[in-house]
**Q** 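First the structure, then my questions, so here it is.
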2 protein chains.
Amino acid sequence: MRMNSNRQIVQLLQDRKVRKFRARFLELHPMDQVELLTTFSKEQRDQVYHYLSPKEFAEIFQGLESWQQIEIFSELHVSYAVEVINNMYLDDIADFLGELPKETQELYLKKMNQQNAAEVKCLLKYPEQTAGSVMTTEFINIKETDTVATVFEQLRREVVDAETIYYLYVVNQLDDLVGVVSLRDLIVADLEQRIVEIMSGRVVAVDVNTDQKEVTTLIKRYDFIALPVTSQGKLVGVVTVDDAIDVDEEETTEDFHKMATVSKLGKSLKEAGIFFLYRKRISWLVLLVFFNIFSGAGIAFFEDTISAHIALVFFLPLLIDSGGNAGSQSATLMIRALATGEIRIRDWAQLFVREITVATLLGASMGLAVSLIGLYRGGIEIAFVVALSMLTVVIIGSLIGMSLPFIFSRFKWDPATASAPLITSLVDMMGVVIYFSIATWLLSI
Amino acid sequence: MRMNSNRQIVQLLQDRKVRKFRARFLELHPMDQVELLTTFSKEQRDQVYHYLSPKEFAEIFQGLESWQQIEIFSELHVSYAVEVINNMYLDDIADFLGELPKETQELYLKKMNQQNAAEVKCLLKYPEQTAGSVMTTEFINIKETDTVATVFEQLRREVVDAETIYYLYVVNQLDDLVGVVSLRDLIVADLEQRIVEIMSGRVVAVDVNTDQKEVTTLIKRYDFIALPVTSQGKLVGVVTVDDAIDVDEEETTEDFHKMATVSKLGKSLKEAGIFFLYRKRISWLVLLVFFNIFSGAGIAFFEDTISAHIALVFFLPLLIDSGGNAGSQSATLMIRALATGEIRIRDWAQLFVREITVATLLGASMGLAVSLIGLYRGGIEIAFVVALSMLTVVIIGSLIGMSLPFIFSRFKWDPATASAPLITSLVDMMGVVIYFSIATWLLSI
C-alpha cells in the first residue's frame, strides 16, 4: 500500500501538481518523507526544494544521515539553506555543521539566527563521543520554588521549542540541578503545590565530558526517557532516549565490524566507495598475514616429521580451525557480556575456571569425533595423535579466546578487538606447534 | 561513593536497624536496589522480605532478570508472593508467570487479584517474540469526541496505573484506533477543544502478531516513545521504548552469538552452567569438523604435489586463513547492514560488483606481501604460486562471505548464521583446492 501511495506522489511531482503533491507528501511521517526523498533524482529534488518551505524541508533534513545531508545541502540556494538551518534543532545543527569544512561552517554560523549561532558554537566545542556532543540544549528548566500552575503556564509557552518535556529538571537559584519532576507527577499534583514538594531528589545526571557509551548504558539501565547533563553541577543539557538509541546502534555496529577486523566505517556501507572500503579492510588483513607466517615457521620447523608422515597434513586445517572456532565462541561470549555490563574484569578468574571445564568437555567430544576419521585415514597411532591434539588445541584456543577480551579491557582497549580472525590466527600458531610436537613425540617412539 | 553508601546499607541490615535501613535503601533508584539485592546472602534477602512491603519489593522484583526472579520467588512466603504479583505491571506478571511450570503458574493465577488474572491470561496466550508478548495493556485510551479538559481529568485518575502516558491513543466508538495525541499537544491545546481536532490521524501501529524485531525497528526508525498494538484494527496494547530497547539488546546479543556459532543462550552468561554452555557450543563445533574433513580430502588428493614440494605446506595456514579473514569481513559488513535495514536483498547484485573490485585490490596487495616471503622461502616459482593463490583465495573468500548472508536471508534464515567460523571452514576447502591446483599446474611444467 505504501509503495503504491509513493508512486502516486512521484506522479504528482512529475505532473507538477504542487498543491496535491504537498498535501499527499506532507501527510507522510517525516521519516517516510526522508525515505522517499532519497529515491528522487536530482531534478525531482530541485522541485521539492521549490515546493516545500524551508521549515517543512528542515524536518526532512534532520532525518537524513550526515553524508546525505552534505550532498543535499550542496544543492540548496544559500538563502534557502540558511532558513533550513534556522528551523532545525540546535543539536542537529551542531552535528551537521561539525561535518562541514571550517570555512563553510563559519559562513553559515554568520548567516544564521545569531542567538542560535551562539549556542551552536558552544555545542561544537564539546569533543566527539561525549555527552556534550549528543545532548540537546533545548530543554525546559524549572525552579524548585515554582508552583505547579506556573510550570504548566511555562510549558504552554516553551513546549514548541523544547525537544523533550516528559521529564522536567529542577534547578535552584544557583542553577544547580537539584531534582526531577515527570510530567506524570505534574498532572496528578495540585496546582498550588510547589515543585520542591513533588520533585524527586534522586536524580541521575552525567557530566558533559562523560563518554557517550556510558550515557546510553545509563539510559538503558534505568529505562530513562531523558538524562540530564551537567557541567560543574549546573544543568547544561539533556540527552533524549532517541538520540541514545542512535548512539547505541552506531557503537554496536562498530563492535560488529571490529569483531571482523573492519576499521570504523562512519558512513553507510551502501554508499561507501571502493578505495574507502579497501582502506578500512586492508590493514588488519596484512597484519594477520604476518601472524600467519609464524604458523608457517612452525611448519618449517617440523618439516622432517611432515615428510615422514604426509598423512598428518590431512588433519592440519581441521585441527587449527577447530581451535580457532572454539576460541572465537569464547571470545564473542565475553566481548558481548563485557559490552552490556553483564560481566566485569574482576569476574575473569571465576569464568576462567569454568572455561577450563567447558573446553575440556568440548575438546574431548571433538577429539573423539576426529579419532574415528584418524583411525580410517592413518591407523591407531595417527588417531591417537589427532585426538590428543584436538583436545589440547580446543582447550588452549578457548582459554586464549576468553582471556583476550579481558586483557584488552584491562589495558583500556576495546575488548571487541579480540576478533575471530585474530583469535584464529593466534590459535593457528599454537595449533601447528602442538599438533606436530605431539606427532613428533608419539610417532618417533 | 555509591560503593561506600552500599556498605553502610549492608551494615544497617546486619545491625537489624529496620527503620534506618528502609530509609536509606528506599532512597536508591529501583535499579540500584536490584543490583544491591543480588549481592545479598540468602539470610540477608530473608531480612529484606521482612523489612519491605510486598509493594516496595514488587518494584525491585520487576527489575530482576527472569532466572533471578525464579530463584528469589521460591524464597518468598506464598501470601507475600501473591501480594508482590498484585503490585506488578500486568505485562511483567505475564512475562514472569510464563517462565514458571504450568502448575505453579495456575496456582498464582488463582490466588492473585482476579481482574488482573483475566488480563494476564490473555497476555500469556500471545506467542513469544510477538508484539503481543512484549506489549503492556495498562495504557490510557481516549475517545475522539472527548474534550481536552475531560482527558486531563481522566489522566489524573488513571495515571497511576498506566505504564505510559506520553502518547495517548485515540479510539472511535467501535474501539478502532483512529489517531494519536501527545501529552505535548494536549498541553498547548485549549481545554474546550475536542480531541478529534488536535489529534494526528497518521498513527503508525502494529498487529499483535508482528515479530518483536519489527516492532523495535519501527520504534527506532521513527524515534517513538511508544507504539500502539492492534488486533483487527482495535487497540489492545502499547509497546514502550524501554521494553523495545530490552528486546533489541536481546536480539543483538543473539546476533553476536550466532556470528560465533553459539546457540541462543537465553540466560545470563555469568550464571550459565557448564553443561548448559557445552550444549550451546558443541553442535556447531562438531558440524564444522565435518566441513573441515573436506579440506583434508582436498589435501589427500594433492598428496603427490605436497610430497614433491614440502615447502608448500609452509604457506597453507597463511593462505586459507587470509581467505577466511577477508570473507569474514565481508560477511559481517553485510549481516550488520541487513540487520539495521540499511541494505536489502535486492541490493545484492550492486554490492557484488563492488565486492569484486574491492576484493581484487585486497587480494593483489596481500599477494604482493606474501610473494616476498615466497621468494625468500622457496624461490621465484613458489613466490608466483603463492601470490596467485592468495589473489584467487581472497576474491573467492570475499564473494562467498558477502553472498552467504543474502542467500540465508532469501531463504528466511537469519543472515547472522553466516558466521566467521562457517565462512572460514567453507573458504578453507576452496583454498586448499585452489592453492594445490595452481601449484600442481605451475610447478609440474
Side-chain angles (χ1 to χ4, degrees), chain A residues 29 31 155-156 159 165-166 183-184 187-188 202 220-223 241-242 245 252-253 256 260 262 268-270 274 277-278 281-282 285-286 288-289 292 295-296 299-300 303 306-307 310 313-314 317-318 321 325 328-329 332-333 336-337 342-343 357-358 361-362 365-366 369 420-421 425 428, chain B residues 29 31 155-156 159 165-166 183-184 187-188 202 220-223 241-242 245 252-253 256 260 262 268-270 274 277-278 281-282 285-286 288-289 292 295-296 299-300 303 307 310 313-314 317-318 321-322 325 328-329 332-333 336-337 342-343 357-358 361-362 365-366 369 420-421 425 428:
Chain A
H29 191 283
M31 278 311 296
L155 272 180
R156 290 174 66 101
V159 80
I165 59 155
Y166 301 121
L183 204 42
R184 211 181 173 111
I187 285 172
V188 288
R202 60 179 194 199
K220 283 158 71 177
R221 177 180 155 85
Y222 293 108
D223 290 344
V241 65
D242 52 310
I245 288 177
T252 307
T253 299
F256 268 104
V262 177
S268 158
L269 174 65
K270 204 170 167 180
I274 286 164
L277 278 175
Y278 171 80
R281 293 175 57 180
I282 190 67
L285 286 181
V286 167
L288 291 171
V289 163
N292 276 310
S295 304
I299 290 174
E303 221 163 69
I306 299 172
S307 297
I310 204 84
V313 182
F314 181 96
L318 179 64
D321 272 7
N325 291 344
S328 303
Q329 285 186 335
T332 305
L333 286 171
R336 183 61 187 162
E342 195 196 308
I343 57 171
T357 326
V358 175
L361 286 173
L362 291 173
S365 311
M366 293 163 75
S425 301
D428 277 7
Chain B
H29 191 283
M31 278 311 296
L155 272 179
R156 289 174 67 100
V159 79
I165 60 155
Y166 301 122
L183 203 42
R184 211 181 171 112
I187 285 173
V188 288
R202 60 178 194 199
K220 283 158 72 176
R221 176 179 155 85
Y222 293 108
D223 289 344
V241 65
D242 52 312
I245 288 177
T252 307
T253 300
F256 268 104
V262 177
S268 158
L269 174 66
K270 204 169 167 183
I274 286 164
L277 278 175
Y278 171 79
R281 292 175 59 179
I282 190 66
L285 286 181
V286 168
L288 291 171
V289 163
N292 276 311
S295 304
I299 291 174
E303 222 163 70
S307 298
I310 204 84
V313 182
F314 181 96
L318 179 64
D321 272 6
S322 296
N325 291 345
S328 303
Q329 286 186 334
T332 305
L333 286 171
R336 183 63 187 160
E342 196 196 308
I343 57 171
T357 326
V358 175
L361 286 172
L362 292 172
S365 312
M366 293 164 73
S425 300
D428 277 7

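By convention in this document, chain letters (A, B, ...) are assigned in the order of the sequence lines, proteins followed by strands, and residues within each chain are numbered from 1.
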**Q** Could I get the full list of ring pair (Phe, Tyr, Trp, His ring centres under 6.0 Å) partners for Tyr278(B), not counting sequence neighbours?
**A** none
**Q** Which of the residues Val286(B), Ile343(B), Val159(B) is involved in the greatest number of heavy-atom pairs with chain A at under 4.5 angstrom?
**A** Val159(B)
**Q** With only heavy atoms counted, which part of Leu333(B) is less than 4.5 Å from chain A, the side chain, the backbone, both or neither?
**A** both
**Q** What's the separation between atom CZ in Phe314(A) and atom CD1 in Ile299(B), rounded to the nearest 0.5 Å?
**A** 8.0 Å
**Q** Let's test your reading of the structure: which of Arg156(B), Met31(B), Arg281(B) forms the most heavy-atom pairs below 4.5 Å with chain A?
**A** Arg281(B)
**Q** Relative to chain B, which of Pro317(A), Ala337(A), Ser295(A) shows the most heavy atom pairs under 4.5 Å?
**A** Pro317(A)
**Q** Are any of the side-chain heavy atoms of Asp321(B) and Leu288(A) separated by less than 4.5 Å?
**A** no
**Q** Shorter than 4.5 Å, heavy atoms on both sides: which option in Thr252(B), Leu183(B), Thr253(B), Val188(B) has the most such pairs with chain A?
**A** Thr253(B)
**Q** Grab the two heavy atoms, one from Lys220(B) and one from Ile245(A), that are nearest each other, plus how far apart they are.
**A** CG-CG2, 3.4 Å
**Q** Sort Val241(B) into side chain, backbone, both or neither according to what part of it lies under 4.5 angstrom from a heavy atom of chain A.
**A** side chain
**Q** Within the 4.5 Å heavy-atom criterion, are Thr332(A) and Val262(B) side-chain neighbours or not?
**A** no
**Q** Is Ser425(B) close to Asn325(A) at the side-chain level, that is, under 4.5 Å between some pair of heavy atoms?
**A** yes
**Q** Among residues at least two apart in sequence or on other chains, which ones pass salt bridge (Lys or Arg N to Asp or Glu O under 4.0 Å) with Arg202(B)?
**A** none
**Q** Mind checking the CZ-CG spacing from Arg336(A) to Leu269(B)? Nearest 0.5 Å is all I need.
**A** 12.0 Å
**Q** Can you tell if the side chain of Asp428(B) reaches within under 4.5 Å of the side chain of Leu318(A), non-hydrogen atoms only?
**A** no
**Q** Can you see which heavy atom on Ser328(B) is nearest to which on Ala260(A), and at what distance?
**A** O-CB, 3.7 Å
**Q** For His29(B) and Tyr222(A), take the angle between the two ring planes, folded into 0 to 90°, and tell me which bin it lands in: parallel under 30, tilted 30 to 60, perpendicular over 60.
**A** perpendicular
**Q** Any side-chain heavy atom of Ile282(B) sitting closer than 4.5 Å to one from Met366(A)?
**A** yes
**Q** Looking at Ile306(A), Leu155(A), Val313(A), which has the largest count of heavy-atom pairs under 4.5 Å with chain B?
**A** Val313(A)
**Q** Which pair of heavy atoms, one from Leu285(B) and one from Gln329(A), lies closest together, and at what distance?
**A** CD1-OE1, 3.5 Å
**Q** Look at the side chain of Arg184(A) and the backbone N and O of Ile165(B), then say whether any donor-acceptor pair between them is shorter than 3.5 Å.
**A** no
